[in-house]
Chemist: 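My structure is below; once you've seen it, I'll send some questions.
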Amino acid sequence: MEGRSVPHAHPATAEYEFANPSRLGEQRFGEGLLPEEILTPTLYHGYYVRPRATGAGEGGRAGASELRLSEGKFQVFLDVSHFTPDEVTVRTVDNLLEVSARHPQRLDRHGFVSREFCRTYVLPADVDPWRVRAALSHDGILSLEAPRGGRHLDTEVNEVYISLLPPPPDPEEEEEAARAEP
């Protein structure tokens, strides 16, 4: 099949689902160190280790991915805050859920930077790929969700629509609007 970017994966078994971590932590690729992350190295089992400050950087979750499986729902939360909504693509291929994002080379304060990633999740056997829904929050967290139970077994590619969630109301703007009204 032309649209496939990874080989077909078999549905995940219960042992596979529970033996692997549900959260992938910090993945700030190519962003460098922040001043608060440059700590004095310490000696640990004969090796010098430079600990990273937890939660440092914009949002503290940059690149984080979390997978949640419950009895009735399959959920994935992925930080795509470095990309605009039109640069993010979500699709399913057979029993795979593929999230990719790419932006061309841009000028930033250090020079030029371009970013690209592709993350593929294996859907559990009881998740129908056609029922996957995606929503992007105002702070760049992509939420993917599908109900568990029932399955359509034909090989098909499905582009998933991403709906944009509105940002939360700004309390300062509300106060100013209240003051302006007589």
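Small disclaimer: the values here were computed from a predicted structure and weren't measured.
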Chemist: Just to verify, what does Asn158 make a side-chain hydrogen bond (donor to acceptor under 3.5 Å, both in side chains) with, not counting sequence neighbours?
Modeler: none
Chemist: Kindly write out the residues that satisfy side-chain contact (heavy atoms from CB on, under 4.5 Å) with Ser143, not counting sequence neighbours, or none if the list is empty.
Modeler: Phe77
Chemist: Any idea which heavy atoms bring Val127 and Ala146 closest together, and the distance?
Modeler: CG1-CB, 3.6 Å
Chemist: For the CD atom of Glu98 and the CZ atom of Arg119, what is their distance to the nearest 0.5 Å?
Modeler: 12.0 Å
Chemist: Can you list everything that forms a salt bridge (Lys or Arg N to Asp or Glu O under 4.0 Å) with Arg133? Sequence neighbours excluded, please.
Modeler: none
Chemist: If I compare all heavy atoms of Ile162 with all of Ala135, which pair ends up nearest, and what's the gap?
Modeler: CG2-C, 4.4 Å
Chemist: Which residues pass the side-chain contact (heavy atoms from CB on, under 4.5 Å) test with His138, sequence neighbours left out?
Modeler: Pro167, Pro168
Chemist: Sequence neighbours left out, what passes side-chain contact (heavy atoms from CB on, under 4.5 Å) with Gln105? Give chain and number order.
Modeler: Phe112, Ser114
Chemist: Who passes salt bridge (Lys or Arg N to Asp or Glu O under 4.0 Å) against Glu175, sequence neighbours left out?
Modeler: Arg179
Chemist: Would you say the side chain of Lys73 lies within less than 4.5 Å of the side chain of Pro147, judging by non-hydrogen atoms?
Modeler: no
Chemist: Enter the distance from Arg115:CZ to Arg102:CZ here, rounded to the nearest 0.5 Å.
Modeler: 13.5 Å
Chemist: Tyr161: which other cluster members, linking ILVMFWY side chains closer than 4.5 Å, directly or transitively?
Modeler: none
Chemist: Assess the residue pair Phe74 and Asp126 against the criterion (side chain to side chain contact (heavy atoms under 4.5 Å, CB included)); give the C-alpha distance rounded to whole Å, side-chain angles, the decisive distance to 0.1 Å, and a yes or no.
Modeler: CA-CA 10 Å; Phe74 168 82; Asp126 61 347; over 6 Å; no
Chemist: Using every non-hydrogen atom in the two residues, find where Pro124 and Leu69 come nearest and quote the distance to one decimal.
Modeler: CG-CD2, 3.8 Å
Chemist: Looking only at non-hydrogen atoms, find the nearest pair between Leu142 and Val80 and report the distance.
Modeler: CB-CG2, 4.0 Å
Chemist: In Å and rounded to the nearest 0.5 Å, what is the CG to CG distance from Asn95 to Asp128?
Modeler: 11.5 Å
Chemist: Short question: side chain of Thr92, backbone of Leu96 - any donor-acceptor pair under 3.5 Å?
Modeler: no
Chemist: Are the side chains of Asp139 and Ser81 in contact, using a 4.5 Å heavy-atom criterion?
Modeler: no
Chemist: Starting from the C-alpha separation in whole Å, work towards a yes-or-no answer on side chain to side chain contact (heavy atoms under 4.5 Å, CB included) for Val99 and Thr89.
Modeler: CA-CA 6 Å; Val99 180; Thr89 304; over 6 Å; no
Chemist: What residues form a side-chain hydrogen bond (donor to acceptor under 3.5 Å, both in side chains) with Glu176, not counting sequence neighbours?
Modeler: none
Chemist: Between Ile141 and Leu78, is a side chain to side chain contact (heavy atoms under 4.5 Å, CB included) present by the stated rule, with each step listed?
Modeler: CA-CA 6 Å; Ile141 303 300; Leu78 182 61; over 6 Å; no
Chemist: Please determine whether the number of non-hydrogen atoms from other residues, nucleotides or ligands lying under 6.0 Å from atom CD of Glu174 exceeds 12.
Modeler: yes
Chemist: For Ser137 and Leu165, work out which heavy atoms get closest and say how close.
Modeler: CA-CD1, 3.9 Å
Chemist: Taking ring pair (Phe, Tyr, Trp, His ring centres under 6.0 Å) as the test, write out the residues that go with Phe83, two or more places apart.
Modeler: His103, Phe117
Chemist: For Asp86, give me all partners under side-chain hydrogen bond (donor to acceptor under 3.5 Å, both in side chains), at least two apart in sequence or on another chain.
Modeler: Thr84
Chemist: Supply the atom-to-atom distance Glu71 CD to Arg148 CZ, rounded to the nearest 0.5 angstrom.
Modeler: 9.0 Å
